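To keep things clear, I will list the structure first and then write my remarks on it.
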Amino acid sequence: MGTRSGAAVRAEGLTLRGGRGPVYADVALDVPAGALAAVAGPPGSGRTALLLTLAGRMRPSAGTASVDGMPLPRRAAAVRRIAALGPVPGVNDLEPTLTVAEHLRERTLLRRPPRGADAALAMVGLDAEPKTRAQDLSALDAFRLALAAALLGGPRLLVADDVGDRLAAEDAAMAWKVLRGIADTGVTVLAAAADAREADTLVRLGTQAGLAK
């Protein structure tokens, strides 16, 4: 799939308010192109909403942010064209009864295996039969499949949530290793987890209403 050019991600004072107060607040980050950045925080800290905001899927309430120099939310549509959602539980979960091959075809709306599928699977280290259903994959391999599907569009920014939080320690370490490998190809990776590991940039969200600290 070749080396890609990642997209730099920047934010200052980024805030999202909901009906019950701030979801996340006053977030600042500066992620160079091709880096692996982590958002660390417990469930409910606003980490998912922050990822979706930076991928152009949610509109912030205040502050500034940009992806590849494109300001959010004004250029959100353009950001969505270069940013892909990897595994984000509750947002784009795998369909349990679809096979590996079907998930890859669905991502590109093709009836045949999409170009680059083999390379994407190799990049994430997924060695599963194409006819294997998602429900029969291990949790780590399901994570790999979601990443592979996201990579098919050749994104410059990839986001992944809940990284390793529901995995055994060894599998969690492998999940982060896979993300590091993707970043090493030039793709900027934003990953969220309760326990972030080996990231180039780290943003910590507090336990109350997603307040940055």
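Values in this document were obtained by computation on a predicted structure and should not be read as measured data.
For the pair Pro42 and Ser45, the tightest heavy-atom approach, listed with the atom from each and the gap, is O-OG, 2.7 Å. The nearest pair of heavy atoms linking Thr201 to Pro32 is OG1-CD, 4.2 Å. Taking every heavy atom of both residues into account, Ala76 and Gly56 meet most closely at CB-O, 3.8 Å. Closest non-hydrogen pair, Leu104 versus Leu152, comes out as O-CD1, 3.6 Å. The minimum heavy-atom distance between Ala55 and Val159, with the atom names listed, is CB-CG1, 4.3 Å. Residues Ala84 and Pro155 approach most closely at CB-CB, 3.6 Å, considering heavy atoms.
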Contacts table for residues 125-139: side-chain donor-acceptor under 3.5 angstrom, sequence neighbours left out:
unit_1: Thr132; atom_1: OG1; unit_2: Glu129; atom_2: O; d: 3.0
unit_1: Ser138; atom_1: OG; unit_2: Asp141; atom_2: N; d: 3.1

With a cut-off of 3.5 Å and sequence neighbours excluded, list every side-chain donor-acceptor pair involving residues 14-21.
unit_1: Thr15; atom_1: OG1; unit_2: Gly13; atom_2: O; d: 3.2
unit_1: Thr15; atom_1: OG1; unit_2: Asp26; atom_2: N; d: 3.0

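Residue pairs meeting the salt bridge (Lys or Arg N to Asp or Glu O under 4.0 Å) criterion with at least one member in residues 65-92, sequence neighbours excluded: Asp68-Arg156.
Heavy-atom contacts from other residues, nucleotides or ligands closer than 6.0 Å to CD of Glu12 number 12 or fewer.
Two residues are said to be in side-chain contact when any heavy atoms from C-beta on lie closer than 4.5 Å; Leu167 and Met174 fail this criterion. Contact check for Phe143 versus Val163: side-chain heavy atoms found under the 4.5 Å cut-off. Put simply, the side chain of Leu52 reaches to within 4.5 Å of the side chain of Val91, judged on heavy atoms. Counting only heavy atoms from C-beta outward, the side chains of Ile182 and Val124 approach each other to under 4.5 Å.
By the side chain to side chain contact (heavy atoms under 4.5 Å, CB included) test, Ala183 pairs with Leu36, Val189, sequence neighbours left out. Residues meeting the side chain to side chain contact (heavy atoms under 4.5 Å, CB included) test with Ala146, sequence neighbours left out: Pro87, Leu94. In this view, Asp165 and Arg47 satisfy the side chain to side chain donor-acceptor pair (under 3.5 Å) rule, not counting sequence neighbours. Residues that satisfy the side chain to side chain contact (heavy atoms under 4.5 Å, CB included) test with Asn92, not counting sequence neighbours, are Leu85, Val88, Arg107. Not counting sequence neighbours, the partners of Ala38 by the side chain to side chain contact (heavy atoms under 4.5 Å, CB included) test are Trp176, Ala196, Ala199, Leu202. Asp171 is linked by a salt bridge (charged side-chain N to carboxylate O under 4.0 Å, His left out) to nothing, counting only residues two or more places apart in sequence or in another chain. Residues forming a salt bridge (charged side-chain N to carboxylate O under 4.0 Å, His left out) with Asp118 (at least two apart in sequence, or on another chain): none. For Arg57, the salt bridge (charged side-chain N to carboxylate O under 4.0 Å, His left out) criterion is met by no residue, not counting sequence neighbours. Arg59 meets the salt bridge (charged side-chain N to carboxylate O under 4.0 Å, His left out) test with no other residue; sequence neighbours excluded.
To the nearest 0.5 Å, atom OG1 of residue Thr48 and atom OH of residue Tyr24 are 11.5 Å apart. Here the CG-CG distance, from Leu157 to Leu190, works out to 5.0 Å after rounding to the nearest 0.5 Å. Taking CG from Leu29 and CG from Leu50, the interatomic distance works out to 6.5 Å, rounded to the nearest 0.5 Å. Rounded to the nearest 0.5 angstrom, Leu147 CG and Leu158 CG are separated by 6.0 Å. The CG atom of Leu151 sits 5.5 Å away from the CE atom of Met123 when rounded to the nearest 0.5 Å.
Under a 3.5 Å cut-off, the side chain of Thr188 and the backbone N or O of Gly34 do form a donor-acceptor pair.
Two different hydrophobic clusters hold Leu121 and Leu98 under the rule that ILVMFWY side chains link at heavy-atom gaps under 4.5 Å.
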